[in-house]
Amino acid sequence: MKHKNWIAISLLLVAGLILAGCGAVATDQSGTINASGVVEAVEVGVASQVSGKVAEVYVQEGQRVSAGDQLLLLENDTLQAQYDQAQAAYDAAEAGLVTANAALASAEAGVDAAKVGVEAANTQYDMALQAARLQDLPAREDAWNQDIPTEFDLPGWYFEKSEEVDAIQQEIAAAKDDLEIERQNLADVLEDVSNADIISAEQRLLEAQVAFEIAKDLEARQIEANGREAISDYVESLVDTAEAELDSAQAAYDNLLSDVGAEDVLEARGRVAVAQERYQLALIKLYQTQTGDDSLEVTMAFLGVSQAEAAQRQAEAAQKQAEAGVTQAEKAVAQAQASLDLVQVQIDELLVSSETDGVVLTATAEKGELVQAGVTVMTIGKVDHLTITVYVAEDQYGQINLGDNVEIQVDSFADQVFSGEVTRIADQAEYTPRNVQTEEDRRTTVFAIEVSVLEGLDKLKPGMPADVTFTK
């Protein structure tokens with residue numbers, strides 16, 4: 001390959017200088033020091049950040065490149081698959097965000113509707129309260145003017161309505177308990193086997209009463225003239241039959257009243273009837289008291305307000321949940337975008353570009369070759385900074401200082417002299433024999449001197465042999 005030949009030539013040149021030793025340095029009669037070397041450039045290694053197969057190589061050895069120029073392209077199916085997967089995840093996250101935003105908009109609309117519902121419920125409550133108070137006004141005026149029963153020593157306005165309601169509710173509870181007791185007592189009486197006859201008589205009498213009432217209702221119906229006789233006769237027969245059965249049932253029941261068991265049943269049923277009426281009167285008393293602010297209409301309107309407020313709280317909770325969903329969806333989108341960007345960076349790194357201006361010194365990568373991340377595949381010499389390294393003998397070392405000007409000549413431009421400057425002087429000698437004893441041996445000890453090229457950068461090329469003259 002070309003780069004191997006170039007390396008070999010460079011090594012031979014350097015070896016020649018080493019073997020020449022002080023022979024590469026000469027001092028003329030004026031004391032000027034002359035030395036020879038090779039034009040060199042700062043080398044920049046080029047490596048890929050990712051592993052992959054070389055798809056294209058865009059440059060050759062010796063070709064000039066500028067910063068940003070494409071050097072080679074890698075192919076990596078795995079990265080492409082990862083990118084497609086990351087893109088799909090990003091699209092899904094975006095769709096999730098759209099759904100979350102829609103849910104949030106719906107929740108916000110629900111909150112707005114709930115607030116309107118609360119306002120409407122409050123309005124209904126105010127209307128019901130106003131109507132109930134106006135309706136209750138005459139009754140409250142009468143309460144101030146009514147005569148107080150002789151059994152009470154206190155005025156009618158003495159107790160507050162809430163206290164009266166509590167007392168009525170206590171009476172309702174007591175009446176209900178008493179009703180349950182009387183019903184249980186009736187059940188116990190009816191369970192007595194000796195009362196089997198009275199129970200049957202009661203059942204017969206009840207059924208006869210119902211049948212007679214229905215027959216009388218039929219008799220009271222208006223019947224058209226046409227066909228009236230046929231219908232009236234049948235209705236009258238039903239009434240007669242029902243009345244006869246009622247008389248018979250009543251007679252049978254009356255015959256049992258002298259029996260002790262029948263009297264017990266009669267008394268038990270009477271007590272139930274009284275307890276039932278007491279309970280109903282207590283309820284009616286409560287209903288009569290529940291006027292104005294305590295009316296059922298106002299209570300229902302108040303419950304409507306409570307229900308509307310609960311709906312608003314539920315809608316607001318749904319809105320917060322929707323907001324949390326949007327936040328989560330936004331994080332998912334950001335995470336998916338980061339994953340996508342990461343893969344995209346790796347894909348972008350499949351295209352290797354030059355980081356500097358220069359000349360391609362070596363290019364080891366071939367199309368189809370598999371390269372590893374971090375392994376140098378090209379070397380670029382920076383032509384904007386050329387140097388020449390020469391070696392001077394130990395007896396001339398002290399005559400050269402940093403910053404000294406030098407003249408440079410190359411065979412390609414024999415009639416031109418380029419300027420340079422000493423930028424580095426080695427601290428240690430090179431190629432020193434093991435035992436330095438004689439003056440001749442000391443002259444074979446050399447020091448490396450690095451010269452920076454100040455002009456002619458567009459003409460001087462890395463690898464050119466150059467002569468350097470150290471001027472005073």
Side-chain angles (χ1 to χ4, degrees), residues 139 142 146-152 164-291 295-297:
D142 292 341
Q146 68 181 356
D147 295 333
I148 303 174
T150 57
E151 293 83 357
F152 306 123
E164 186 177 0
V165 169
D166 290 341
I168 295 174
Q169 288 178 340
Q170 291 293 331
E171 175 61 16
I172 290 174
K176 186 176 182 181
D177 292 341
D178 185 60
L179 178 59
E180 294 298 326
I181 292 173
E182 296 303 332
R183 283 175 174 171
Q184 184 61 47
N185 179 61
L186 175 61
D188 294 340
V189 171
L190 293 177
E191 285 180 0
D192 192 338
V193 293
S194 64
N195 297 323
D197 293 338
I198 189 64
I199 294 174
S200 298
E202 286 180 342
Q203 183 65 29
R204 179 187 175 188
L205 180 58
L206 178 59
E207 293 174 357
Q209 287 177 347
V210 172
F212 178 74
E213 290 172 354
I214 292 175
K216 294 297 288 183
D217 288 340
L218 285 173
E219 186 180 32
R221 296 290 177 90
Q222 297 292 329
I223 305 174
E224 62 181 352
N226 187 16
R228 179 183 181 86
E229 183 177 354
I231 294 178
S232 297
D233 292 344
Y234 179 61
V235 171
E236 289 178 2
S237 66
L238 289 176
V239 172
D240 293 342
T241 302
E243 187 174 5
E245 173 59 21
L246 178 59
D247 292 341
S248 176
Q250 185 66 52
Y253 178 76
D254 292 341
N255 291 333
L256 293 174
L257 288 179
S258 60
D259 184 76
V260 177
E263 293 179 357
D264 291 340
V265 173
L266 182 61
E267 181 182 358
R269 285 193 177 277
R271 293 176 68 89
V272 169
V274 172
Q276 177 69 37
E277 188 63 16
R278 175 192 175 190
Y279 177 67
Q280 292 297 328
L281 288 175
L283 290 176
I284 292 173
K285 181 68 173 177
L286 177 62
Y287 300 154
Q288 292 173 342
T289 307
Q290 289 177 329
T291 59
S295 67
L296 295 179
E297 292 80 7

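Atom CG of Leu238 sits about 10.5 Å away from atom CD1 of Ile214, to the nearest 0.5 Å. Taking CG of Leu205 as the reference point, atom CD of Glu202 lies at 8.5 Å (rounded to 0.5 Å). Of the inter-residue distances, the one linking Glu180 atom CD with Asn185 atom CG reads 13.0 Å to the nearest 0.5 angstrom. Of the inter-residue distances, the one linking Gln276 atom CD with Leu281 atom CG reads 10.0 Å to the nearest 0.5 angstrom. Summarising the geometry, atom CG belonging to Asp217 is positioned 10.0 Å from atom CZ belonging to Phe212; distances are rounded to the nearest 0.5 Å. Residue Gln280 holds its CD atom at 8.5 Å from CG of Leu179, rounded to the nearest 0.5 Å.
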| said: Pair Glu243, Lys216 - check salt bridge (Lys or Arg N to Asp or Glu O under 4.0 Å), show working. | reply: CA-CA 9 Å; Glu243 187 174 5; Lys216 294 297 288 183; over 6 Å; no

| message | Could you walk me through whether Val165 and Leu286 satisfy the side-chain contact (heavy atoms from CB on, under 4.5 Å) test, starting with their C-alpha distance in whole Å, then the side-chain angles of each, then the deciding distance to 0.1 Å, before giving a yes or no? | response | CA-CA 7 Å; Val165 169; Leu286 177 62; 3.9 Å; yes

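Each of Lys176, Arg278, Arg271 was compared with Glu182 under the salt bridge (Lys or Arg N to Asp or Glu O under 4.0 Å) criterion, and only Arg271 meets it.
A pairwise comparison of heavy atoms in Ala215 and Val239 identifies O-CG2, 3.4 Å as the closest pair. Heavy atoms only, all atoms of each residue included: Tyr279 and Ala175 are closest at CA-CB, 3.6 Å.
At distances below 3.5 Å, at least one donor-acceptor pair connects side-chain atoms of Ser237 with backbone N or O atoms of Tyr234.
Side chains of Asp166 and Gln170: no donor on one and acceptor on the other come within 3.5 Å.
Ionic pairing of Glu207 and Arg204 is not present here: no N-O contact between side-chain nitrogen and carboxylate oxygen is shorter than 4.0 angstrom.
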